[in-house]
K.L.:
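This is the structure, below, for whatever I ask next.
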Amino acid sequence: MTTTEPAVVTVTDDTFEQLVLRSPRPVLVEFWAPWCGPCRQLAPVLDEIAREEADRLTVAKLNTDENPATMVARNVLAAPTLQVYRDGELVKELVGARPKRRLLQELEDVLPHVVEPGRGRVAPAASLD
C-alpha cells in the first residue's frame, strides 16, 4: 500500500462486489452510520488495524445511510456490524464496537498467516497495544 492510499477503503452499493467480494485477500467491512456513537469509537481502531495488518487484510467501510441496498442484501440489522469476507464468502460477523486487542483476537482465525522471511515461522499479529 502506498502512502497516498487511504488505509481504510470506502465501499458503496456500486463497488461492494468488486472491492469486497472479488478481493484477492480477506476484507473486513464495517457497516456504519454517521449518527452511530459506537461506530465513531471504532473508527480509530479500524484505521490502526488497516495500517498494521495491510499485508493480511483490507479494511473497508460502508455507510448504511447512503448504501441501503448492500445493508439489506447482507442482512445487516445494527451498526456497527463487522463482516469478514474471504474468496467472496462471508466467514465471520461481529456486531458492536470492541477494543483493538479483542477485535484482533476475534479476527485471527480468519486471517492468513504471514511467514517471516528467512525464519520459516509464522509472524505474530501486529502489536496488540
Side-chain angles (χ1 to χ4, degrees):
M1 193 173 278
T2 65
T3 56
T4 58
E5 287 184 80
V8 176
V9 177
T10 299
V11 294
T12 65
D13 287 342
D14 293 333
T15 63
F16 189 86
E17 182 176 344
Q18 181 65 36
L19 297 177
V20 176
L21 301 181
R22 295 186 185 175
S23 175
R25 61 186 183 166
V27 181
L28 168 65
V29 181
E30 179 197 18
F31 291 84
W32 70 283
W35 47 263
C36 169
C39 299
R40 288 191 298 273
Q41 291 174 323
L42 193 55
V45 171
L46 294 177
D47 289 340
E48 286 180 28
I49 290 173
R51 284 190 305 273
E52 294 169 4
E53 299 293 337
D55 56 339
R56 302 196 304 159
L57 176 72
T58 298
V59 177
K61 296 178 111 178
L62 183 132
N63 181 328
T64 57
D65 286 351
E66 296 174 358
N67 300 282
T70 301
M71 180 188 80
V72 171
R74 298 293 157 187
N75 299 312
V76 173
L77 302 174
T81 293
L82 303 171
Q83 293 184 342
V84 180
Y85 290 85
R86 185 172 54 209
D87 299 323
E89 298 293 324
L90 176 64
V91 295
K92 183 165 235 134
E93 180 173 71
L94 307 164
V95 178
R98 55 217 349 103
K100 179 182 170 186
R101 180 182 194 96
R102 181 170 158 214
L103 180 55
L104 284 171
Q105 289 170 340
E106 291 178 292
L107 294 174
E108 193 58 37
D109 65 326
V110 296
L111 296 180
H113 294 284
V114 178
V115 176
E116 291 181 7
R119 293 192 178 200
R121 65 184 182 92
V122 175
S127 168
L128 298 177
D129 296 326

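The analysis underlying the following values was restricted to heavy atoms, covering all of them including side chains, and did not include hydrogens, waters or symmetry mates.
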K.L.:
Quick check: closest heavy atoms across Ala50 and Ala7, and the distance to 0.1 Å?
P.N.:
CB-O, 3.3 Å
K.L.:
Would you please test Leu57 and Ile49 for side chain to side chain contact (heavy atoms under 4.5 Å, CB included) and show each step?
P.N.:
CA-CA 9 Å; Leu57 176 72; Ile49 290 173; 4.0 Å; yes
K.L.:
For the residue pair Val110 and Lys92, what are the closest heavy atoms and their distance?
P.N.:
CG1-CB, 4.2 Å
K.L.:
Parallel, tilted or perpendicular for Phe16 and Tyr85, by the 30°/60° rule?
P.N.:
perpendicular
K.L.:
Between Arg22 and Glu17, is a side chain to side chain contact (heavy atoms under 4.5 Å, CB included) present by the stated rule, with each step listed?
P.N.:
CA-CA 6 Å; Arg22 295 186 185 175; Glu17 182 176 344; 2.8 Å; yes
K.L.:
Quick one: do Val20 and Val9 satisfy side chain to side chain contact (heavy atoms under 4.5 Å, CB included)? Show the steps, please.
P.N.:
CA-CA 10 Å; Val20 176; Val9 177; over 6 Å; no
K.L.:
Do you know the tightest heavy-atom contact between Cys36 and Pro80?
P.N.:
SG-CD, 3.7 Å
K.L.:
Please report the closest heavy-atom contact between Val95 and Arg98, naming both atoms and the distance.
P.N.:
O-NH1, 3.4 Å
K.L.:
At what distance, to the nearest 0.5 angstrom, does CZ of Arg86 lie from CG of Leu28?
P.N.:
13.0 Å
K.L.:
Going from OG1 on Thr58 to CG on Leu19, what distance comes out if it is rounded to the nearest 0.5 angstrom?
P.N.:
9.0 Å
K.L.:
Which heavy atom in Asn67 sits nearest to a heavy atom in Val11, and how many Å separate them?
P.N.:
ND2-O, 4.2 Å
K.L.:
Closest heavy-atom contact between Pro34 and Arg40?
P.N.:
O-NH1, 2.8 Å
K.L.:
Rounded to the nearest 0.5 Å, how far does CG of Asp109 lie from CG of Leu111?
P.N.:
8.0 Å
K.L.:
Taking the side chain as every heavy atom from C-beta outward, state whether Pro112 and Asp55 have any pair of such atoms under 4.5 Å apart.
P.N.:
no
K.L.:
Given Gln83 and Val76, is the side chain to side chain contact (heavy atoms under 4.5 Å, CB included) satisfied, shown in steps?
P.N.:
CA-CA 9 Å; Gln83 293 184 342; Val76 173; 3.8 Å; yes
K.L.:
Which atom pairs, one a donor and one an acceptor, fall under 3.5 Å between side chains of residues 59-66 and the rest of the protein, sequence neighbours left out?
P.N.:
| unit_1 | atom_1 | unit_2 | atom_2 | d |
| --- | --- | --- | --- | --- |
| Asn63 | OD1 | Asp65 | N | 2.9 |
| Asn63 | OD1 | Glu66 | N | 3.3 |
| Thr64 | OG1 | Trp32 | O | 3.0 |
| Asp65 | OD1 | Trp35 | NE1 | 3.3 |
| Asp65 | OD2 | Trp35 | NE1 | 3.1 |

K.L.:
Give, for atom OG1 of Thr81 and atom CZ of Arg74, the distance between the pair rounded to the nearest 0.5 Å.
P.N.:
13.5 Å
K.L.:
Which residue pairs satisfy the disulfide (SG to SG under 2.5 Å) criterion with at least one member in residues 66-109, sequence neighbours excluded?
P.N.:
none
